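Reviewing the structure listed below.
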2 protein chains.
Amino acid sequence: MDNSLLLSSIAKYVTLDEQEEQYLLSLLHYKKAKRKQLVLEEGDISSKVIFVTAGCLRSYAVDKNGTEHVLQFAPPGWWIVDMRSYITGEPARLNIDAIDDSEYIFFNKIDFEELNLKVPKFERFNRILGQNAIATYQHRQIDNAIFAAMERYANFCQLYPSLIKTLPQKQVASYIGVTPEFLSKMLNTQIVK
Amino acid sequence: MDNSLLLSSIAKYVTLDEQEEQYLLSLLHYKKAKRKQLVLEEGDISSKVIFVTAGCLRSYAVDKNGTEHVLQFAPPGWWIVDMRSYITGEPARLNIDAIDDSEYIFFNKIDFEELNLKVPKFERFNRILGQNAIATYQHRQIDNAIFAAMERYANFCQLYPSLIKTLPQKQVASYIGVTPEFLSKMLNTQIVK
DNA sequence: AAGAAAACTTAATGTAGATTAAGAATGAAT
DNA sequence: ATTCATTCTTAATCTACATTAAGTTTTCTT
């Protein structure tokens, strides 16, 4: 069970004292997920906030034809949550599963909200974390509108070089928004990168 | 100058005391923007956080052909910011301008950060605000991947009925990610809604 | 090591939406 | 009220990517 990754992630933005750290750690739960194991199923209520410590999780939605559309990958050090379900208690729209054998730690919503209340520095961390996530979403939204698939692929390789090395090609295709067939064709019929 | 909209927005999530309110209000700036006036130009540094009090602002990016791609509309009660530029001080990628004659209030970054530090309840408000924004971005990302233009248009009408009434059609087209020509054709050749 | 499943590749055909072009209608400026 | 600019409409043609289908390769399971 590796909490040091979480503590060092938080320490990038705020400095918790020993007591605050202990309190935070006391609210953490640890879990393993086997490759392909569902961590959150659409339709369930997503009442936890997940931090990945090993392996890789992904969140995705499934369309009416059964095609998966990846929203996010979460390698170690990343948070992942169906945010609307978390906030409102609505059934989740996203599935979260493990691309590889994975480990993660998580807070239940009640604990997480209490922690924010009692440790304002943690709330600060989450405010900043949220801003970073918004910045990323804003960029991705615009990139999807402006750039063609090839450019989106190149951007992905540049932004996430370690992910490209390990992720199956079809997952990358799903993330950038094209079919596996098209990505394959694109990569093999033209000069890339 | 209408701060009551801002105060009531904040009061939905946190209760500030009189002193905290006064402090917050002392950091606010007010501005008007004429129709089509730029509030933020791409390339500049976006070091302020804007809250719209009248009219409607929009943020958009311009592609290499000069085509505009709307990221967000901000009618009264909405916040709008190029978040990456705000966080990192990089040149803004987004433009923000006024669709109609508008009024807005804003914080400078230094003031905003200080306010968050000195009024933890305000930071709490921003943490929650950020979560709501993330939820919206997550949904929009998935909608864009899954739904066709017609469905995206219908969703927009449902989510933002007052915006549909006043927004020019080409702006809506840009927001849902199609050309004005295609939206026009779509709306006029089939049964809608 | 063998067999099954999954991922990747390849190619032909189809399609949602873009592009190009231009006319009609509406809104803004004077 | 008139003129100009902008927005919307219409239609033909084009295109980036999807769909369908099937073969090959790789990975997983036993």
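Throughout, a chain's letter reflects where its sequence line sits, starting with A, and its residues are numbered from 1. This structure is a prediction, so every number in the text was calculated from the model and none was measured.
One atom, CG of B:Leu187, and another, C1' of C:dG17, lie 14 Å apart when rounded to the nearest Å. Protein atom CZ of A:Phe182 is 17 Å distant from nucleotide atom P of C:dA16, rounded to whole Å. Rounded to whole angstrom, the span from the CE atom of A:Met186 across to the C1' atom of C:dT10 amounts to 16 Å. Look at OH on B:Tyr153: it is 15 Å from P on C:dG17, rounded to the nearest Å. Atoms CG (A:Leu183) and C1' (C:dC8) sit 10 Å apart, rounded to a whole Å. Atoms CD (B:Gln169) and P (C:dA25) sit 16 Å apart, rounded to a whole Å.
Nearer the 5' end of DNA chain C, as judged by each residue's closest nucleotide, is the contact made by B:Asn65, out of B:Arg35 and B:Asn65.
Identified under the side-chain hydrogen bond (donor to acceptor under 3.5 Å, both in side chains) test for residues 83-92 of chain A, with sequence neighbours left out: A:Arg84-B:Thr136, A:Tyr86-A:Glu113, A:Thr88-A:Glu90. Here ring-ring contact (aromatic ring centres under 6.0 Å, His included) pairs that include residues 32-77 of chain B, with residues two or more places apart or in two chains, are B:Phe51-B:Trp79, B:Phe73-B:Tyr175.
Within the 4.5 Å cutoff, the side chain of B:Val119 has no heavy atoms near those of the B:Leu24 side chain.
OP1 or OP2 of C:dA7 sits under 4.0 Å from a side-chain N or O of A:Lys170. One finds no side-chain N or O of A:Ser184 lying less than 4.0 angstrom from the OP1 or OP2 phosphate oxygen of C:dC8.
Considering only the side chain of B:Glu181, C:dA21 comes nearest among C:dA21, C:dG17, C:dT10.
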Show me the side-chain donor-acceptor pairs of residues 158-170 of chain A shorter than 3.5 Å, one per line, residues at least two apart or across chains.
| from | atom 1 | to | atom 2 | distance (Å) |
| --- | --- | --- | --- | --- |
| A:Thr166 | OG1 | A:Ser162 | O | 3.4 |
| A:Thr166 | OG1 | A:Leu163 | O | 3.4 |

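A:Ser174 places no side-chain N or O within donor-acceptor distance of the main-chain N or O of A:Gln171, the cut-off being under 3.5 Å. Put simply, the side chain of A:Asp82 gets close to the backbone of A:Leu94: a donor and an acceptor are under 3.5 Å apart.
By the 4.5 Å side-chain criterion applied to Ile, Leu, Val, Met, Phe, Trp and Tyr, B:Leu57 is assigned to a cluster that also includes B:Val39, B:Leu40, B:Ile50, B:Val52, B:Ile80, B:Ile96, B:Tyr104, B:Phe106.
Comment: A:Asp97 does not engage A:Lys36 in a salt bridge, judged by the lack of any side-chain N to carboxylate O separation of less than 4.0 angstrom.
Using a 4.0 Å cutoff to heavy atoms of chain A, the contacted part of DNA chain D runs 5' to 3' from D:dC17 to D:dA21.
Ring centers of B:Tyr153 and B:Phe147: at least 6.0 Å apart, outside the cut-off.
A rotation axis mapping the C1' atoms of four pairs onto the next four is fitted at both ends of the helix from C:dA1-D:dT30 to C:dT30-D:dA1 over five pairs, and the angle between these axes is 70° to 10 degrees.
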